[in-house]
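Here the structure comes first, spelled out in structure tokens, and everything after it is commentary.
Heads up: numbering here begins at 1 and tracks the sequence. Remember, predicted model here, so these are calculated numbers, not experimental data.
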Amino acid sequence: MAVLGVFIAYRQWRTAQNKLKLDLFDRRLLIHTAARDYISSVMTSGRSTSEAEYAYLAGTRGAKWLFNDDIVDYLDKVLWHKICDLGCLQSELEGLPPGQERSEKVRKKAELKKWLFAQMEVLDSKFAPFLRLGH
């Protein structure tokens, strides 16, 4: 009878561990999705919007509790800074007459958009260790 009790306790412990993994996965996936959604919105609309920026910030705000410093720094210091740069460039381009300065800003905006598109792969590789469900 004691062996049966130990077996049941072990299975309950395993179930609790698997539930924890699933809960962590769900929360981490939401943060990954928020970053991907922002990049996708820029790729489809061609511009950054304040709504997309807010959704990014709201969606990634809990990262420091669920990921290591590398991911948090990437989201907060690398990706967010590029998002801000894109927003600034868009503002500077509004009302700017055609000419050398406008051409240079359009080129910089295109480079930023290409960089953001490349981040889809970077996101996946950085998040992959945290989004694997081993059985």
Side-chain angles (χ1 to χ4, degrees):
M1 198 52 138
V3 173
L4 181 59
V6 168
F7 177 73
I8 290 171
Y10 171 76
R11 292 303 301 163
Q12 287 175 335
W13 175 79
R14 289 288 298 159
T15 300
Q17 290 297 104
N18 288 336
K19 173 78 169 108
L20 176 62
K21 283 182 185 179
L22 183 59
D23 289 346
L24 277 173
F25 175 85
D26 288 342
R27 290 178 181 205
R28 289 171 170 168
L29 185 61
L30 287 174
I31 292 170
H32 178 267
T33 301
R36 283 188 71 90
D37 285 352
Y38 173 80
I39 295 169
S40 295
S41 76
V42 170
M43 294 303 107
T44 56
S45 72
R47 58 184 298 110
S48 183
T49 64
S50 56
E51 293 83 11
E53 291 170 2
Y54 176 79
Y56 173 85
L57 288 174
T60 61
R61 75 171 175 248
K64 67 182 174 181
W65 308 114
L66 299 168
F67 295 101
N68 63 19
D69 290 342
D70 180 48
I71 299 253
V72 173
D73 287 346
Y74 173 73
L75 292 171
D76 292 347
K77 296 179 181 163
V78 177
L79 197 52
W80 177 246
H81 287 190
K82 295 290 187 177
I83 290 169
C84 291
D85 290 347
L86 182 59
C88 287
L89 271 174
Q90 285 176 188
S91 295
E92 292 171 2
L93 278 167
E94 289 177 14
L96 193 63
Q100 181 65 28
E101 186 180 3
R102 182 175 182 79
S103 296
E104 182 63 25
K105 290 188 186 304
V106 167
R107 187 189 60 72
K108 284 182 183 178
K109 183 180 175 186
E111 286 175 10
L112 265 175
K113 286 172 58 179
K114 287 176 189 173
W115 183 89
L116 278 171
F117 181 71
Q119 297 314 294
M120 292 289 220
E121 230 176 89
V122 173
L123 271 173
D124 288 346
S125 67
K126 284 186 175 290
F127 278 71
F130 297 95
L131 294 176
R132 287 201 172 94
L133 288 175
H135 297 314

Among pairs that include at least one residue of residues 78-100, which meet side chain to side chain donor-acceptor pair (under 3.5 Å), considering only residues two or more places apart or in two chains?
E92-K105
Can you run down the salt bridge (Lys or Arg N to Asp or Glu O under 4.0 Å) pairs that involve residues 108-120, sequence neighbours left out, and say none if there aren't any?
R107-E111
Could you measure the distance from the OH atom of Y56 to the CD1 atom of I83? Nearest 0.5 Å is fine.
4.5 Å
Contacts under 3.5 angstrom, residues 28-39 side chains, donor-acceptor by atom type, not counting sequence neighbours:
from : atom 1 : to   : atom 2 : distance (Å)
R28  : NE     : L66  : O      : 2.9
R28  : NH1    : F130 : O      : 3.4
R28  : NH2    : L66  : O      : 3.0
H32  : NE2    : D124 : OD1    : 2.9
T33  : OG1    : L29  : O      : 2.8
R36  : NH1    : M120 : O      : 3.4
R36  : NH1    : D124 : OD1    : 3.2
R36  : NH1    : D124 : OD2    : 3.3
Y38  : OH     : S48  : OG     : 2.7

Could you measure the distance from the SG atom of C84 to the CG atom of L112? Nearest 0.5 Å is fine.
11.0 Å
Can you name the nearest heavy-atom pair linking N68 to I71, along with the distance?
OD1-N, 3.1 Å
Counting only heavy atoms not in F25, do more than 12 fall under 6.0 Å of its CZ?
yes
Are L116 and L57 joined in one hydrophobic group, where the rule is that I, L, V, M, F, W and Y side chains link up if heavy atoms are under 4.5 Å apart?
yes
Under the side chain to side chain donor-acceptor pair (under 3.5 Å) test, residues paired with D26 that sit two or more places apart:
none
List the atom of P129, the atom of K126, and the distance in Å for their closest heavy-atom pair.
CD-O, 3.5 Å
Hey, is the main chain of L93 close enough, under 3.5 Å, to the side chain of R102 for a donor-acceptor pair?
yes
Taking distance alone, no hydrogens or angles, what donor-acceptor pairs closer than 3.5 Å link side-chain atoms of residues 72-79 to residues at least two apart or in another chain?
from : atom 1 : to   : atom 2 : distance (Å)
Y74  : OH     : Q119 : OE1    : 2.6

Same hydrophobic cluster for M43 and V106, using side-chain heavy-atom links shorter than 4.5 Å among ILVMFWY?
no
Look up atom OG1 in T60 and atom CZ in F67, then write down how far apart they are to the nearest 0.5 Å.
10.0 Å
Is there any salt bridge (Lys or Arg N to Asp or Glu O under 4.0 Å) pair reaching into residues 51-68, and which pairs are they, with sequence neighbours excluded?
none
Around E121, counting heavy atoms of other residues, nucleotides and ligands shown, do more than 12 lie under 6.0 Å from its CD?
no
